[in-house]
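Notes follow the structure.
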Amino acid sequence: MKYASTEAVTRALCAVAAEHRQVVTSEEHVIGADQVSRRTGDPMLTATDPDGSLPHEAWLEFGPQPSVNATVYPDGDVKLTVDGVEFSQVPLPNGTPVTDHRRCTEADRAA
């Protein structure tokens, strides 16, 4: 199954946050099978998955109120935490367009 890229989902979350006057307070990315949280059994220095893809995971924090944290996983789901309430395995819709691969811009952060 093909999912939207982690970068595309990150951009979409930043855009939604900006629309709701949320500030991106933190953004972190990890890339590689030996770095992402769901691949802890992979050998050290193994960057790709068996199919040759390069997994990419991102963590975002938005504020001030409500406090929102998002973890975007490379296998097609997102975990959202809103004011301490966790919503795990939020599915991404198939066919989500991948149009912009930039990370949150300063304009998104300041919006």
- Task: Before giving the answer on side-chain contact (heavy atoms from CB on, under 4.5 Å), spell out for Val68 and Leu13 the whole-Å C-alpha distance, their side-chain angles and the decisive distance to 0.1 Å.
- Result: CA-CA 11 Å; Val68 178; Leu13 289 170; over 6 Å; no
- Message: For Gln22 and Val16: C-alpha separation, side-chain torsions, deciding distance, then whether side-chain contact (heavy atoms from CB on, under 4.5 Å) applies.
- Response: CA-CA 8 Å; Gln22 290 279 52; Val16 170; over 6 Å; no
For a quick test of reading the model, state the closest non-hydrogen atom pair linking [X] to [Y] and the distance between them.
X     : Y     : result
Trp59 : Thr71 : CD1-OG1, 3.2 Å
Ala70 : Phe62 : CB-CE1, 4.5 Å
Ala58 : Thr10 : CB-OG1, 3.7 Å

- Item | Derivation and outcome, side-chain contact (heavy atoms from CB on, under 4.5 Å), residues Val78 and Phe87 | CA-CA 8 Å; Val78 177; Phe87 302 90; over 6 Å; no
- Item | pair Gln65-Asp83: side-chain heavy atoms closer than 4.5 Å | yes
- Item | Between CD on residue Glu61 and CG on residue Asn69, distance to nearest 0.5 Å | 4.5 Å
- Query: Backbone N or O of Pro74 within a donor-acceptor pair of the Thr6 side chain at under 3.5 Å?
  - Reply: no
